[in-house]
Amino acid sequence: MSGTATDPDPGTTADKLSTPGARTRPGRLLARAAGGAAGLTVVAALLGLVRDQAIARLFGASHASDAFLIAWTVPEMAATLLIEDGMALLLVPAFSLALTRRAEGGHVQDPVRTLVADTLPRLSAALACAGGLLVWGAPWAVGVLAPGLDDPRLAVDCTRLTAVTVLTFGITGYFSAALRAHGRFLAPAGVYIAYNIGIIGMTLALHSVWGVRAAAAGVAVGSLLMVLTLLPTFVRLMPGRSGRRTVRRGGSALLGATVLAPVVLFVVSRQSQVFVERFLASSLPDGAISHLNYAQKVAQLPMVLSMMICTVTFPVVARALAAGDREGARRRVERDLALAGTVVLLGTAAVLGCAPRIVEVLFQRGAFDAADTAATAGVMRVYALGLLGHTLVGALCRPYFSAGRPTWYPLGAMGAGLLVTTAAGLLLTAPYGVEGIAAANAVGISTAALLMLLGLGTRAVAVRPGTVALSLARPVAAAGVAAAAGRLATDLVPGPVTGLAAGCLVVPLTFLLTGLVLRAPEAVHLLALIRQRFPHGR
């Protein structure tokens with residue numbers, strides 16, 4: 001965030017990490033940045049649960065909720081492409097290089113301001129045109145996404161309302177990447193708080209008049225609030241105008257077509273996992289898409305928290321590569337993979353052990369009945385088996401694109417995973433329903449993660465796949481033990497709330513104790529990270 005009265009120019013986290021005389025250790029700075037961003041992410045996740053609870057209570061698992069979720073495919077794709085992955089993978093290295101050139105000095109124009117002037121106006125115009133095209137082609141888009149719908153009109157209306165996110169998410173992603181490159185992580189982590197407030201407010205206020213269209217309108221309003229959340233900090237970080245005219249050179253070399261294409265196609269192929277799932281689920285009875293969505297939203301919470309580690313350190317890796325420090329980048333990436341994997345495996349254990357109680361406590365009310373709880377919990381447990389794969393894909397794509405050079409290998413790996421997902425989904429959907437779709441997702445994303453890990457050392461950062469695999473083996477074993485203990489605890493303790501509380505207590509204790517018994521260094525690192533974020537006696 002911006003400086004305070006007592007610290008007029010705090011600098012960036014990355015700057016402080018690279019300063020030999022910095023009084024605060026790099027690990028402490030990263031822990032604080034990750035902890036602060038994770039705190040806001042937890043708040044946003046809780047609001048996301050409130051949002052999903054409101055939609056579940058008002059519309060259950062029905063044709064209306066399915067129509068909204070089909071339309072929600074647009075902001076889900078836009079968020080992945082324009083906020084979290086695509087825009088960040090392109091712009092964090094670009095802004096990191098511009099900041100490095102600024103620090104070197106000797107430039108007629110400020111490199112950061114030149115980058116913004118060259119890219120932001122054209123990006124905004126292109127996204128506005130794409131959003132308008134989606135409004136016009138909404139019937140075709142719904143027909144492609146969910147051809148099995150009996151009546152697509154409601155889904156078309158909702159899609160047209162959510163189409164505005166193509167522009168607003170693009171601007172949000174641009175601002176977020178710029179702020180993260182500058183070491184500002186709190187404001188980008190807070191955008192989903194604003195987003196969920198918009199959806200919840202519109203849904204509760206207008207559902208009696210507009211039905212599920214109120215939730216789609218809330219998506220549009222929430223996306224505008226995201227832009228407004230970041231705008232003040234972004235404006236403050238941009239350097240003032242100089243007296244000389246900016247010389248345009250056709251945009252940043254880091255954002256040329258040869259770099260842009262593999263990043264965009266990789267993100268699209270990754271998000272296509274959702275397209276395949278909803279395409280297959282549209283042929284199942286009403287509510288199948290909703291069961292899959294509720295299961296995914298809850299199961300993915302551990303992954304969101306684990307990815308905050310890589311989000312905070314991504315600019316550090318990019319700056320290290322820009323400075324030629326490949327050994328430092330390797331050590332950072334290997335440790336990030338181990339820590340992110342450990343965090344998500346702890347969450348996986350909680351989901352596997354407590355899924356029925358989680359769904360019952362969060363959603364079983366109103367139109368969402370016990371049958372919906374049983375179906376959603378079953379899907380959630382199967383989907384959780386792929387959480388480590390999802391986390392590794394999200395973590396591994398960052399070093400691939402950190403150097404700003406064109407690389408097509410991640411797209412090939414993700415394409416192979418998508419083929420596995422599609423083939424497995426076609427085989428498993430008929431006999432196993434939504435659980436078969438979830439299993440196909442887990443197998444496909446795990447395939448992509450393995451291929452990306454094996455290829456990273458020769459194409460980007462020289463990580464050692466064997467070292468990474470060994471660092472994750474013991475947390476995997478700890479997660480299995482913790483999941484079994486959590487399931488036993490939730491079964492033995494009566495009542496949904498008390499049973500869930502027991503499981504939430506038993507799972508992390510069992511996970512950490514088992515990790516310590518197995519001498520997993522990642523469990524120790526996780527405890528050290530918590531102590532760095534919350535030091536005692538200070």
For P139, the side chain to side chain contact (heavy atoms under 4.5 Å, CB included) test, sequence neighbours excluded, returns V156, R160

Side chain to side chain contact (heavy atoms under 4.5 Å, CB included) filter on L231, not counting sequence neighbours, yields F175, V235

At their closest point, which heavy atom of [X] faces which heavy atom of [Y], and how far apart are they?
X	Y	answer
S269	L418	O-CD2, 4.0 Å
A281	I289	CB-CG1, 3.7 Å
A163	V74	CA-CG1, 4.4 Å
P232	T229	CD-O, 3.9 Å

Item checked: Residue pair F234 / Y174, side-chain heavy-atom distance below 4.5 Å ->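 Yes, side chains in contact.
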
Task: Centroid-centroid distance, F368 to Y294, less than 6.0 Å - done: yes

Quiz item: Taking the six-membered ring for Trp, are the ring centroids of Y383 and H390 within less than 6.0 Å of each other?
Solution: yes

Checklist entry - Does the side-chain contact (heavy atoms from CB on, under 4.5 Å) test come out yes or no for H207 and M202, once each step is laid out? => result CA-CA 8 Å; H207 73 275; M202 292 291 289; over 6 Å; no

Which label fits W72 and F68: parallel for a plane angle under 30°, tilted from 30 to 60°, or perpendicular past 60°?
tilted

Checklist entry - So, T233 and R184: side-chain donor and acceptor under 3.5 Å apart, yes or no? => result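 Note: T233 and R184 side chains miss the donor-acceptor criterion.
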
task = Tell me yes or no: between the side chains of Y195 and T172, is some donor less than 3.5 Å from an acceptor?
result = no

Only one of I83, V164, T162 passes side-chain contact (heavy atoms from CB on, under 4.5 Å) with S223, and that residue is V164

The side-chain contact (heavy atoms from CB on, under 4.5 Å) partner of V298 among I358, D52, V351 is I358

Sequence neighbours left out, what pairs pass salt bridge (charged side-chain N to carboxylate O under 4.0 Å, His left out) with at least one residue falling in residues 205-233?
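Counting only pairs at least two positions apart or across chains, the salt bridge (charged side-chain N to carboxylate O under 4.0 Å, His left out) contacts touching residues 205-233 are D157-R213.
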
Dump the intermediate steps for side-chain contact (heavy atoms from CB on, under 4.5 Å) on N196 and V50, then the final yes or no.
CA-CA 9 Å; N196 286 322; V50 174; over 6 Å; no

* Going through the checks in order, is the side-chain hydrogen bond (donor to acceptor under 3.5 Å, both in side chains) test met by S65 and S290? -> CA-CA 6 Å; S65 62; S290 299; 2.7 Å; yes

Give the intermediate values and the outcome of side-chain contact (heavy atoms from CB on, under 4.5 Å) for residues R180 and F95. CA-CA 9 Å; R180 286 168 178 167; F95 274 103; over 6 Å; no

- [ ] I would like to know whether L161 and V219 meet side-chain contact (heavy atoms from CB on, under 4.5 Å); could you show each step before the answer?
- [x] CA-CA 8 Å; L161 288 168; V219 171; over 6 Å; no

